[in-house]
Structure formats: structure tokens, C-alpha cells
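Below is one structure; the comments refer to it alone.
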Amino acid sequence: MSFTLNDRPVRATATRGTAAPRRRTRVFALPEARWAAAALVLFLIALPLQLTGAPAWAWGPLYALAYATGGWEPAWAGLQALREKTLDVDLLMIVAAIGAASIGQVMDGALLIVIFATSGALEALATARTADSVRGLLDLAPTTATRLLDDGGEETVATEDLVVGDTILIRPGERVGADGRVLDGSSEVDQATITGEPLPVPKESGDEVFAGTLNGTGSLRVKVERDASDSVIARIVAMVEEASETKAPTQLFIEKVEQRYSVGIVLATLAVFGVPLAFGASLTDALLRAMTFMIVASPCAVVLATMPPLLSAIANAGRHGVLVKSAVVMERLGQIDAVALDKTGTLTEGTPRVTDVRPVTGAGPAGQTAQTGPTGGIGGTAGTEPNGLTEDGLLTLAAAAEHPSEHPLARAIVTAARERGLVLPDVRDFTSAPGVGVTAVVDGRTVAVGAPARLLADAADPAVATVVGELEDGGRTAVLVQCDGVPVGVLGIADRLRPDAAATVAALTTLTGTAPTLLTGDNPRAAARLAAEAGITDVRAGLLPQDKVTAVREAEAAGRKVLVVGDGVNDAPALAAAHTGLAMGRAGSDLALETADAVIVRDELATVPAVVALSRAARRLVVQNLVIAGVFISGLVIWDLVGHLPLPLGVLGHEGSTVIVGLNGLRLLRDAAWRRAAASAGEDR
């Protein structure tokens, strides 16, 4: 099937990584967010009133409301945990906040409540947004399809009602309604969402197609081979959900001992209160000593020893184009010891580019000599090749013929001509044949541009065959250019490696001690070429989403902590299954961005090793802070138990240790910390 330039244009080819309609849970649709916001507002109103000397009746009720709005949910959750015979650290924080208020430290307790409520709201929002993206992925597949009847008629049915053996019609520009195999017709299908291939794939009788992929300019009759619930796109959804549910619980280092610490503090506080009371101490003295003990032994300083370095690293990374979604993720980034990279859109730019312009020596258009002038137009005499065409002349012919087309290869050819400053002549009688190429009349000559195997019906010219073979062996897509039925040249088109890809691969190899692995759905030749340029030797090509997950899980089973870097829907299951997932932000699909633990917002691949090195610096700072906090807490606790620690001095010591570890952690906010991390990762900046 073909169409002419006078026909109504069909916008059949979508950009790579076309996303589903976006579903997003509103922040304040979550009760956790509403309660946390209320607590924060009340705290921010009460704090200046207290600091400016207003009477207690003005700010006291506001603090009380902040305690209630921000603390009732963690308190309730903690009480429910007690029913399961576990002690939640959130409940301990609520008790510590109330204890602080009971001895006059109302503001400290309210601040603790607000921090915990806000943290819970952010976690609930992240969970909801990920669920939104997983559900939204199903919108990639159309809701209806055209089913062909035995009597030659058609009917529109819901895709979920299609059964194996049905035959459906896929018109130009439509999304494929079900996984199946082509019975009749030819077209090119953009299946980047499934395989990650940067270019539409030619489809003809016998080829497999996937639900949710986008048909080009041809019509296809497809026999359904899988139910909607078993389609590749449905299995991607299932894999993301399964990986998210089965992924090991993520905890900060200090949270790994929270249960024992919480139980120990409660028992110790009761002992500090009960033992002196049993030996005749007054109730007031025993209670004051116990409250002092709870304050100085509370994990606030330890929590701050952990959080400021990680949060500072998050803020610093954010300023340099990397969005790390939580402190847990920042800590996990520093633990990785293996890296798996996607190819298209991650290691490469994700956009096809003309890499080779090869006039064919000895051939000429219908026995004539097409010569190229200085401006690249046709008809000059300067700088001609033996066949009468320079590189600019060949590119001018091809770009002029392809200019009306919307195919990605056509856009690549036209872009290459514009980058060289070539002037494109007018064309007429443009036609396009799906899977074959385009034809147009350029300056009175019939120019055809397309697949060599389709344009050369007879035995190929040896010179043409040699050039085509060289390009395809190098992992490029060969595009033949004919003038008046005679081959005049071949163009090589390929996705281009990112400028910083090789340096990034080298830096990640240095950081982890192992060279990254390339996981791609693209063909092996293209993958091998790009991998060789980037310095990667472990290449796994032709992978479907489930194959990428399998590769990641094999590495995890071998004891490796894998960082997966990808950008497409097809990468989402692997991002979810990995120890840490990192998505490329500029062209990344919604599902990949929401599933990943971190996002490279500016699309700079070189930031990957830098953020890993920054995470390791944050982890080292956490250890330093834990030592500082431990020394302070131990000293104050021993003083309170052995001697008599005045409450104001205990609060001062406790708050002082908090300030020290907090300021120490904030060192990672400086740009110098990022530069040091980048330098340590082998980055030349």
C-alpha cells in the first residue's frame, strides 16, 4: 500500500518511548499528606509566636494541635504494631516527643512530630505515583480493535474480548491491539516501548507484532496469538508489580537496629524510673531522672547523624541534574558493585543519525553524470566523484526525496543535509511504500530512497552490495539511493553513542571493579558495534523485558548488587528488580521514571559514576556522625546513671551533639563535594 503527497498525511510514526496517558495521584488526595501539611502549618505558626515571646496560651494550643494532627497516625500504627508484639520506632518517637513536652521541651517534640509525619507522607506519595504509572502502562494498548469476520465484514470489539485465532486489521497510524503474527500486508512498526529499538521495524507476512506498538503507514492483517492478559505489555505490568513487591525491604543503616534499640530504651527508661523509686527516691526526682535519660538516650542525634549527609547528598545531586528519590536510595547507590546499561536512549542518544555517505563508484543515473556544485545542489561540476556525485550531492538527492516523509530515517537524512548547509530542491510526485522506501521527482529525475533488499529486485550491483555489506556488518542501517533506476550511493544510519559514554563506562568499571553489562533489545550487530565503541565486552542483545529481569536476577543471585540504568517501558521491570534503578530523564517513559529509584534529569550519563561516588562519600560521613553521636549519648547516659546530670545540661548536651552531627553532614551540600566525587569517579570536569 502507498500514499501520495496529495493525500491527507498520516502521522504514523511516534517518537521513541511514546508514553501512556499520564495518571497522577494528587498530593492532597492522600490522607498522610493532608495530616502532615496540617501539622507543618500549625508548627510554622506556633514557632515564631514562641520565639517572639508571646504568651504560652497563644502558641501552646497550636503545638498541641500539631502533635495531634501529625502524630496520631504513627501513634496508631505503633499501637497496632504492639498488638503484633513488635515495637515500632515511630511509637518511641511519639513517646519521646510527649516526654519532651512534659519537661518543657514542647517545640523539640513538635519538630520531631512534623519530621516523621512529612516522611510518611512522602513515602505514601512515592508509592501512589508508582502505582499510577504501572496502571497507566496498560493505556499503551488500545481499548478497541477491528476484528475481521469470516464473511469479509468488520466489527469493532474491545481488545479484552479478542481470543486466540481472531484476525484483526491494523490501519496506518493505529496501535496494535493484540500480540500476534502478520498474515498479510507490509508496514513498519515502532516497537521501542517493548524492545527499545531506535528505528521502526519492517513487518510483513510471518512477522510477530506486539500489543501497544505503533503501526506505520501500511495496513496489516494480524492473527491473534495471545490473550490480552498474556500480552507482552501485560506481562511487563505484572513483572514491575512483582519486582516491586518482592524486592527486599529497604532500610537505612540505623533502622536495621531500631527494634532492639527501641526496646532497650523503653526498658532502660522504666528501670531508671523504677529502681530509684523502689529505694525510696521521690516520685518527682525519679520521673525527672527518667525523662532526662529518655531525652539524652533518644535516637534523635543518631537519626540526624544519618539523615543530614544523605539529604545533603540528595540536594547536591539534584543541583547537578540527578533526582534521588529518598535517603534510602542515596545509601543504596553507594553499595552497588555491578552495573547494567540499556543501549538506546541510555548509552546512545536514542536518535538515528547519518554516519556514512557513500557514493557508489562507477554507477550513474541512466548513463548520465549527475554532478554537484559547490553549494551541494545538482548540476555543478566542482568536486565530483568518479560516478559524478560528491557526498553532498548524494545527500542532497536523498534529503530532497525524503523531505516530505515523517519516517525517522527520513528525518535523520534531512537533518544531516541541513547540518551541512545543503540547499534542497523542490520535489513533486512524492510517494511512500511501507517497508520499501520513498520515490519523488527531483529536478526532473526520479529518485528512490529505501531498503536495498526491496529496491534492488534483480541481482545487486557488486559495488552496491559491497558498500551495503560493509555498513550492515558495522551495525548500521543501509539506505540505498537510486536516480532514474540506477544506484548512485548508499547512506549508513545508526544511533550515535553519547559523547561521554566511554568515559562513563571506564569510571563505572573503576568504581565497581567490573565492567558494565549491556542489556538491549536491539539487534546483536548494532549492539556489538556500540559496545565496542564504549568499551563494553559483556553484550546481551535481542532481549525482551523479561530477559532483562532474568539477567539482573542472575547477577543478584550471584551476590552482586546491580545498578540498572535505562529509559524505556521495556527497562521498567529491570529497574524495579535491581538493587537500584536509575532512569534517563529527558526521553524516559513515565513508567521508567516512576519505577526507578533515581532520575538523571539533564540526561548527562557522566553523572552516574559521580552520584555513586557521592553516595559513598555520604556513607562515610554517616559512619563518622554515628561515632560522634554514640560518644555523646554514651557520655551523657553514663553521667545521668552514675552521677546527677542536670536536666538543662542534659538537654544542652543532647542538642549540642545534634547540632554537631547536623553541621558535619551538611558539608556535602557544597559544590566542592560534587567535584571531589566526580574526580574520584574518574570524571574529567
Side-chain angles (χ1 to χ4, degrees), residues 1 10-18 140-141 170-223 225-226 231-233 236 342-345 348 350-353 405-413 432-438 449-455 468 471-472 475-480 492-495 520-530 541-545 547-548 568-571 589:
M1 178 180 178
V10 179
R11 296 189 174 272
T13 304
T15 56
R16 182 182 179 277
T18 300
L140 282 172
I170 313 298
R171 293 187 171 89
E174 290 184 345
R175 288 194 177 274
V176 179
D179 286 7
R181 199 164 297 277
V182 177
L183 295 177
D184 184 42
S186 64
S187 185
E188 291 180 325
V189 177
D190 180 355
Q191 52 189 38
T193 54
I194 302 297
T195 65
E197 293 171 285
L199 300 175
V201 179
K203 297 291 183 181
E204 56 185 14
S205 180
D207 291 335
E208 187 177 20
V209 293
F210 304 108
T213 56
L214 189 68
N215 187 27
T217 55
S219 293
L220 299 173
R221 289 174 61 246
V222 174
K223 181 179 180 181
E225 293 188 339
R226 296 190 189 96
S231 68
V232 172
I233 202 78
I236 291 177
D342 172 49
K343 184 182 80 69
T344 306
T348 70
T351 304
R353 301 270 187 170
S405 175
E406 295 181 354
H407 194 283
L409 290 179
R411 291 197 295 269
I413 294 171
S432 173
V436 178
V438 303
V449 183
R454 303 296 179 87
L455 290 181
V468 170
L471 294 176
E472 292 183 344
R476 294 163 174 80
T477 298
V479 176
L480 179 67
I493 298 179
D495 196 3
T520 178
D522 209 349
N523 68 79
R525 287 190 299 186
R529 177 182 65 84
L530 267 299
L543 303 182
L544 288 174
D547 301 322
K548 292 187 177 184
V569 169
N570 58 313
D571 299 317
S589 69

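Because the structure is a prediction, the values reported are computed rather than measured.
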Practice problem: Calculate, to the nearest 0.5 Å, the distance between atoms CG and OG belonging to Leu183 and Ser205 respectively. | Solution: 6.5 Å
Quiz item: If you take all heavy atoms of Asp179 and Ala211, which pair is closest and at what distance?
Solution: OD1-N, 2.7 Å
Quiz item: Hey, are Lys223 and Glu208 close enough for a salt bridge, meaning a charged N less than 4.0 Å from a carboxylate O?
Solution: no
Exercise. State, yes or no, whether a side-chain contact exists between Arg476 and Arg529 at a heavy-atom distance under 4.5 Å.
Key: yes
Exercise. Nearest 0.5 Å please: distance from the CZ atom of Arg171 over to the CG atom of Leu220.
Key: 12.0 Å
Practice problem: Kindly say whether Gly218 contributes a backbone atom to a donor-acceptor pair with the side chain of Asn215 at under 3.5 angstrom? | Solution: yes
Practice problem: Any chance you could measure Phe210, atom CZ, to Glu225, atom CD, to the nearest 0.5 Å? | Solution: 10.0 Å
Practice problem: Over all heavy atoms of both residues, which pair between Ala541 and Pro524 is shortest? Give the atoms and the distance, please. | Solution: CB-CA, 3.6 Å
Self-check item: Heavy-atom pair of closest approach, residues Asp207 and Pro202
Solution: OD2-O, 3.7 Å
Quiz item: Can you name the nearest heavy-atom pair linking Gly177 to Ile170, along with the distance?
Solution: N-CD1, 4.0 Å
Practice problem: Provide the closest heavy-atom pair for Ser187 versus Gly216 in the form atom of the first, atom of the second, distance. | Solution: OG-N, 3.4 Å
Practice problem: Could you check if a side-chain atom of Val189 sits within less than 4.5 angstrom of a side-chain atom of Val201, using non-hydrogen atoms only? | Solution: no
Quiz item: How many angstroms lie between NZ in Lys548 and OG1 in Thr520, if you round to the nearest 0.5 Å?
Solution: 5.5 Å
Practice problem: Would you check if the side chain of Thr348 reaches a backbone N or O of Lys343 as a donor-acceptor pair within less than 3.5 Å? | Solution: yes
Quiz item: Rounded to the nearest 0.5 Å, what separation is found between the CG atom of Leu409 and the CD1 atom of Ile493?
Solution: 4.5 Å
Quiz item: Looking at Gly206 and Arg181, what are the two nearest heavy atoms and their distance?
Solution: O-NH1, 3.0 Å
Practice problem: Evaluate the side-chain proximity of Lys203 to Val209: yes if any heavy-atom separation is below 4.5 Å, no if none is. | Solution: yes
Exercise. Please round to the nearest 0.5 Å and tell me the distance separating atom CG of Leu480 and atom CG of Leu471.
Key: 11.0 Å
